Amino acid sequence: MTKPIQVKNITIGEGIPKICVPLTGKKKERILEEAKAVADAGADLAEWRADFFEGLSDKEEREEVLNALSDILGQIPLLFTIRTKNEGGNIQISTEDYVNYNMDAARSGKADLIDVEVFGDEQEKVNLIQSLHEINAIVVASSHDFLKTDIREILLERFKIMDRTGADILKMAVMPNEFADVAAIMQATCDMAENFTEKPLISMAMGEEGMISRIAGENFGSCITFGTVGEASAPGQLPLRELKRMMNALHVKNEED
């Protein structure tokens with residue numbers, strides 16, 4: 001059974017999945033505009049995709065954005081993410097910079113969760129997760145495959161590897177080529193949640209083929225889904241209001257059954 005994690009005013013891993021909306025602006029002004037729209041739309045969480053930010057390499061500029069986001073979002077938790085090109089992101093940086101930028105975000109106290117890509121320089125990432133925990137950061141271990149979906153057994157093994165890093169929440173996103181791929185990630189998530197971990201899980205199949213996985217997480221063990229208020233950060237993301245409506249309808253149906 002999943003052990004929920006409380007982050008500000010939301011409980012991750014309990015009840016209907018929470019909706020997180022990415023902020024993908026290149027400049028500070030645009031990022032803050034997006035944050036205001038996300039807050040007004042009633043998102044459960046916001047994700048700052050800092051890999052889109054033109055000032056990422058400037059510590060002072062990163063801190064300015066984090067401070068401003070904290071003021072705008074209030075009790076809406078903020079997930080800080082640097083998605084690298086290897087995992088479908090917008091930037092390629094050294095592992096040293098990746099570690100330093102994430103540690104800076106955690107030390108600021110303005111980022112409530114830190115995303116760590118665990119595959120690639122695995123020992124460095126494990127060390128990073130340990131260092132983040134030493135300053136009481138909540139860590140989301142992540143893995144993204146924008147090319148394919150492995151078979152269920154391999155997906156399950158990847159979840160187990162991520163679990164062993166010590167991260168608090170485990171996230172996996174894959175690209176399906178057919179509906180069987182969507183079923184594979186949903187089945188692997190369900191198996192992991194029921195048999196191998198008590199940590200909250202996040203999983204999704206991207207693209208149009210995988211949209212059902214963004215809506216039906218409550219049915220297979222995924223506790224957060226990603227929606228949009230404006231620009232999408234990954235293929236297949238749905239507008240927040242539409243996503244919330246469909247998820248609520250499915251939640252009611254589950255309760256009736």
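Bear in mind the structure is a predicted one, so any value in this text is a computation, not a measurement. Along the sequence shown, residues are numbered consecutively beginning with 1.
The closest side-chain donor-acceptor pair between T95 and E124, if any, does not fall under 3.5 angstrom. T84 and E117 are linked by a side-chain donor-acceptor pair at a separation below 3.5 angstrom, with hydrogens and angles left out of the test. Side-chain contact annotation: H144 with N86, donor-acceptor N/O pair under 3.5 Å absent. If you check the side chains of Q187 and D191, you find no donor sitting under 3.5 Å from an acceptor. When only modelled atom types and interatomic distance are considered, R49 and T81 share no side-chain donor-acceptor pair under 3.5 Å.
D58 and E60 make their closest contact through OD1-N, 2.9 Å (heavy atoms, listed as atom of the first residue, atom of the second, distance). The minimum heavy-atom distance linking A188 with L155 is given by the pair CB-CB, 3.8 Å. When every heavy atom of L66 is checked against every heavy atom of A105, the shortest pair comes out as CD1-CA, 3.9 Å. Considering every non-hydrogen atom in both M162 and F119, the closest pair reads CG-CE1, 3.8 Å. Contact between I185 and A205 at its shortest, heavy atoms only, is CG2-CB, 4.1 Å. The minimum heavy-atom distance linking F159 with L201 is given by the pair CE2-CD2, 4.3 Å.
The line from OG of S203 to CG of L170 is 10.5 Å long, rounded to the nearest 0.5 Å. Expressed to the nearest 0.5 Å, how far CD1 of I138 lies from CD1 of I5 amounts to 6.0 Å. With rounding to the nearest 0.5 Å, the separation of NZ in K171 from OG in S222 is 9.5 Å. With rounding to the nearest 0.5 Å, the separation of CG in L79 from SG in C20 is 5.5 Å. With rounding to the nearest 0.5 Å, the separation of CG in N102 from CZ in R107 is 10.5 Å. Here L23 contributes atom CG and K36 contributes atom NZ; the two are 12.5 Å apart, rounded to the nearest 0.5 Å.
Other residues, nucleotides and ligands place more than 12 heavy atoms under 6.0 Å from the CD atom of Q92. Within 6.0 Å of CD on Q75 lie more than 12 heavy atoms contributed by other residues, nucleotides or ligands. The number of heavy atoms from other shown groups lying within 6.0 Å of NZ (K8) is above 12.
Both V139 and Y101 belong to a single network of hydrophobic side chains, linked directly or stepwise wherever heavy atoms of I, L, V, M, F, W or Y lie under 4.5 Å apart. Cluster membership for W48 and I114, using ILVMFWY side-chain heavy atoms within less than 4.5 angstrom, is shared. Cluster annotation: I76 is connected to L78 through the hydrophobic network of ILVMFWY side chains, with a link wherever side-chain heavy atoms come within less than 4.5 Å. A single hydrophobic cluster is seen to contain both V140 and I224, as judged by linkage of ILVMFWY side chains at heavy-atom distances under 4.5 Å, directly or through other members. Both V182 and M172 belong to a common hydrophobic cluster when Ile, Leu, Val, Met, Phe, Trp and Tyr are linked at side-chain heavy-atom distances under 4.5 angstrom.
E54 is linked by a side-chain hydrogen bond (donor to acceptor under 3.5 Å, both in side chains) to K27, counting only residues two or more places apart in sequence or in another chain.
Between the side chain of D97 and the backbone N or O of I93, no donor-acceptor pair lies under 3.5 Å. Looking at K110, its side chain never comes within 3.5 Å of a backbone N or O of A106 through a donor-acceptor pair. One N or O on the side chain of K125 and one on the backbone of G120 form a donor-acceptor pair closer than 3.5 Å.
We find that D51 and K85 are not joined by a salt bridge, their nearest charged nitrogen and carboxylate oxygen being 4.0 Å or further apart. With salt bridges taken as basic N to acidic carboxylate O contacts below 4.0 Å, one links E33 and R30. Classification of E157 and R164 as a salt-bridged pair holds, one side-chain N sitting under 4.0 Å from a carboxylate O.
With a 4.5 Å cut-off on side-chain heavy atoms, N248 and I16 count as touching. For the pair L156 and F196, the minimum side-chain heavy-atom distance is below 4.5 Å.
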> Given the rule in the side chain to side chain donor-acceptor pair (under 3.5 Å) test, do N127 and Q123 qualify, once you have shown the distances and angles that lead to the verdict?
Replying inline: CA-CA 6 Å; N127 293 341; Q123 189 55 53; 3.0 Å; yes
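With K199 as reference, D163 is the one residue of T2, D163, D168 to meet the side-chain hydrogen bond (donor to acceptor under 3.5 Å, both in side chains) rule.
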